[in-house]
Amino acid sequence: MAGRMARTFIDSRLTPLVVVASMLLGIFAILATPREEEPQIIVPMMDVFVQMPGAGVKEVEERVTIPMEKKLMEIPGVEYVYSTSSPGLSFAVVRFTVGEDEEKSIVKLYNKMYANFDLIPPGASTPLIKPRSIDDVPILSLTLWSDRVDGFTLRRIAAQLDDQLKDIQDVSETRLLGGERRQVRILLDPARLAAYHLAPGTVVQALTATNQELRAGSFSRENREVLVDTARFLERPDEVGRVVVAASNGRPVYLRDVARILDGPEEPRSYVLFGVGKASHAKGIAGDPTGRLGAPPRGQDYPAVTISVAKRKGTNAVVIADKVLAKVASLQGVLIPREVQVTVTRNYGETAQEKSNELLKHLILATVSVTILIALFLGWRSATVVLMAVPVTLALTLFLYYVYGYTLNRVTLFALIFSIGILVDDAIVVVENIARHFHLPENRGRPLLAVAVEAVAEVGNPTILATWAVIAAILPMAFVGGLMGPYMRPIPVGASVAMLFSLFIAFIISPWAAYRMLRGEKIPPHVEGHEDWTTRLYRRIMTPLIRSAWTRWAFLAGVVVLLLASASLVYFKVVHVKMLPFDNKSEFQVIVDMPEGTTLEQTARVTREIGEYVATQPEVTDYQMYVGTAAPYNFNGLWRRCRRVRRSSRPWWPRCTARTTSGRWRWLGRSRASSPRPRALWTWTGTSKIRRPASDSCWIGKRRHSTASRPSR
């Protein structure tokens, strides 16, 4: 087969077209394939919320959580069920087996829940189901902060900016964190209510009945139908004050007669603060070139509002992040005042671009290194032939990645770098054998084209066997189960596909290139017994091993000793084994878990003290404090949140994030409902420890896991 393929393409005009087409397909794949931080992993996961107002933790657990867990575990494909019970709320995370179809899993869950509505206890609400996926992780976080504008104004500016960002194509979800919302507060006066013989409930009913818009009917006039609406929603504080709540002595009683009406920010339920570090000049914060803020003092925090942006599935994180940042830049000075600064506190598009570019650079470096190594032993002409085969193989592999829906991330590019060392074997074998046949004395005077075809046919079967042997060794990794399976699958798939492509390229393109490159080489006259330096070195080493039994056993013993010594490095932890390099974003987290009953303000004060210390570190550019709310979560937080659900009356896990000169600080968890117990958690990757209260418990599947007997970490 190898000889027939070589004979067909070695002098065909289609062969250079195949080379050009393959390279163009590879360039197209590099430009068109989405770039992301992490590979796309399909693990269907849904949140199920059931409210039961007025019920305690024990009642919610026994009447809602446990029966709901039993029904959820009956769904085919469900692997784990994590649940937490809190006063008036039951929350469960349903995780399906890795690789399950996401849409079918959602349908299964909905069918199971809706088919058991008759089992909902009195007082419990209808289950609320929210699917979660890897695309829910925000790729971009923008923090608006200022030393002249308060949180209430920042929130209103951020809300208008959020409306503009939602119009960008492929932006799926945006969230606002921090600031105070606008709120119209009605403070009833007990004395005035008593004077008019009114109860607070009467005022609430009147206000609720007024603040609505109803369709009264329609009538026709001049061949047109006119729709009639009665009343409308309240828009201004003076309209709220003119609401009639009752009648006294034949006169209407307005709401302003019995209450004070305040229009302004709501009472703080959380704090989002921004701090400046010593290395803030690296991001243009200190000494801002626009002159808006000058040089903000270090260690001082400012009110802030964070906007997190998530992308749609299968889209390019780099392109979307650039579009969002370009949109924000165009709104500077128009929608965003000069007194407000926007700082990028997370940009996974930038990090994905950096990783992709770095891996592509190493890919080129590995190709050049292999070519130089081949040139030292086979000559520059043979090395040029191999150099042509490697990019064509990688280009076709990248195009296949694009066809199968893979993205360019550190796993897929690592697979290509990993496969370079083995995909050049086929081309080397073919080129070396062609060069050897060109130098044989019996082939002098024969047509070089026929000699090249014979050389390819001679090594064809061994090359095919060696290629399939490598594929058989790598491909089983594609069948690894669990969460690690789809995460690492691009490596065996990419390497196996690259080996197959390299085999066909060795039989199609390598003979074509070798015939043209090697036929111009001067063939020295054959000298009987002449050997090059590599052959002489090989003979000098192998001759004692073949002739002496003692030398063979000593050599084998040395190999065994070296093998055991290398394996012991892992056992004694001298060398740390890891499949992929550490994802170093220069991030880490600090979690502040205050005692029971601590107020929000006291928690914020302690967090500020930590921020003042962080600001003194020379590597820190900026840091964010999230007190009473959760910071934008990342890939780890999406999965770790399943193991952090707890049965507790204190479900808040507020976060604080920060950033250094070479990365962003991030949040590794997720919060849920508000709680009377404030918590502030600083999320910095690496050395954080989470202390869980001794009264917390967690349900995983049908087994109850409690931390009552575990010491706090």
Distance from [X] atom [atom1] to [Y] atom [atom2], nearest 0.5 Å?
X	Y	atom1	atom2	answer
Arg260	Ile186	CZ	CD1	12.5 Å
Arg175	Leu177	CZ	CG	5.0 Å
Gln164	Lys327	CD	NZ	5.0 Å
Leu109	Met45	CG	CE	13.0 Å
Asp263	Gln183	CG	CD	10.0 Å
Arg338	Arg148	CZ	CZ	9.5 Å

Within a reach of under 6.0 Å around CD of Glu100, are more than 12 heavy atoms found that belong to other residues, nucleotides or ligands?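 Correct, the count exceeds 12.
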Check this for me: Asp118, atom CG, are more than 12 non-hydrogen atoms of other residues, nucleotides or ligands nearer than 6.0 Å?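 More than 12 within 6.0 Å, yes.
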Holding to salt bridge (Lys or Arg N to Asp or Glu O under 4.0 Å), I want the full list of residues that pass it with Arg256, two or more places apart in sequence or in another chain. none
Is any side-chain heavy atom of [X] closer than 4.5 Å to a side-chain heavy atom of [Y]?
X	Y	result
Ile75	Phe96	yes
Ile336	Val328	yes
Leu255	Thr210	no
Lys71	Leu119	yes
Val78	Leu72	no
Tyr348	Val137	yes
Asp322	Val319	no
Pro44	Ile106	no

Starting from the C-alpha separation in whole Å, work towards a yes-or-no answer on side chain to side chain contact (heavy atoms under 4.5 Å, CB included) for Val171 and Lys166. CA-CA 6 Å; Val171 170; Lys166 288 179 179 177; 5.6 Å; no
In sequence, state the C-alpha distance, the side-chain angles, and the governing distance for Leu140 and Val344, and then conclude on side chain to side chain contact (heavy atoms under 4.5 Å, CB included). CA-CA 8 Å; Leu140 190 67; Val344 180; 4.0 Å; yes
Which atom of [X] lies closest to which atom of [Y], heavy atoms considered:
X	Y	result
Pro87	Val57	CD-CG2, 3.5 Å
Ala259	Leu188	CB-CD2, 3.6 Å
Glu79	Val98	OE1-N, 4.3 Å
Asp150	Thr153	OD1-OG1, 2.7 Å
Ala124	Val50	CB-CG1, 4.2 Å
Leu273	Pro303	CD2-CA, 4.1 Å

Kindly state each residue pair satisfying ring-ring contact (aromatic ring centres under 6.0 Å, His included) with at least one member in residues 114-135, sequence neighbours excluded. Tyr110-Tyr114, Tyr114-Phe117
Going by ring-ring contact (aromatic ring centres under 6.0 Å, His included), name the residues that satisfy it together with Tyr402, two or more places apart in sequence or in a different chain.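 Tyr402 satisfies ring-ring contact (aromatic ring centres under 6.0 Å, His included) with Phe28 only.
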Sorted by chain and number, sequence neighbours left out, ring-ring contact (aromatic ring centres under 6.0 Å, His included) with Phe274 holds for Trp145
Stepwise salt bridge (Lys or Arg N to Asp or Glu O under 4.0 Å) check, Arg155 with Glu180: CA-CA 6 Å; Arg155 178 81 184 199; Glu180 294 84 30; over 6 Å; no
Distance-only polar pair, side chains of [X] and [Y], donor-acceptor under 3.5 Å:
X	Y	value
Ser146	Glu339	no
Ser83	Glu69	yes
Thr65	Ser85	yes

Tell me which donor-acceptor pairs under 3.5 Å the side chains of residues 235-246 have, and how far apart each pair is, sequence neighbours excluded?
from, atom 1, to, atom 2, distance (Å)
Arg236, NE, Asp238, OD1, 3.4
Arg236, NH1, Glu239, OE2, 3.3
Arg236, NH2, Glu239, OE2, 3.2
Glu239, OE1, Glu235, N, 2.9
Glu239, OE2, Arg232, NH2, 2.7

Side chain [X], main chain [Y], donor-acceptor under 3.5 Å:
X	Y	value
Thr345	Ser141	yes
Gln160	Ile157	no
Arg63	Ala55	no
Ser90	Ser86	no

Decide, yes or no, whether a salt bridge links Asp189 with Arg192 under the criterion of side-chain N to carboxylate O below 4.0 Å.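 Salt bridge present between Asp189 and Arg192.
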Given Asp47, which of Arg132, Arg95, Lys130 fulfils the salt bridge (Lys or Arg N to Asp or Glu O under 4.0 Å) condition? Arg132
Using the rule given for side chain to side chain contact (heavy atoms under 4.5 Å, CB included), can you reason through Leu193 versus Val203, listing the C-alpha separation, both sets of side-chain angles and the distance that settles it, and then say yes or no? CA-CA 9 Å; Leu193 289 175; Val203 177; 4.0 Å; yes
CA sep, side-chain torsions, deciding dist, call: Thr174, Leu176, side chain to side chain contact (heavy atoms under 4.5 Å, CB included): CA-CA 7 Å; Thr174 59; Leu176 290 179; over 6 Å; no
Could you list the donor-acceptor pairs under 3.5 angstrom formed by side chains in residues 305-317, with sequence neighbours left out?
from, atom 1, to, atom 2, distance (Å)
Thr306, OG1, Thr143, OG1, 3.3
Thr306, OG1, Tyr626, OH, 2.9
Lys311, NZ, Glu36, OE2, 2.5
Lys311, NZ, Asp135, OD1, 3.4
Lys311, NZ, Thr315, O, 3.2
Thr315, OG1, Arg312, O, 2.6
Asn316, OD1, Arg35, N, 3.3
Asn316, OD1, Val318, N, 3.0

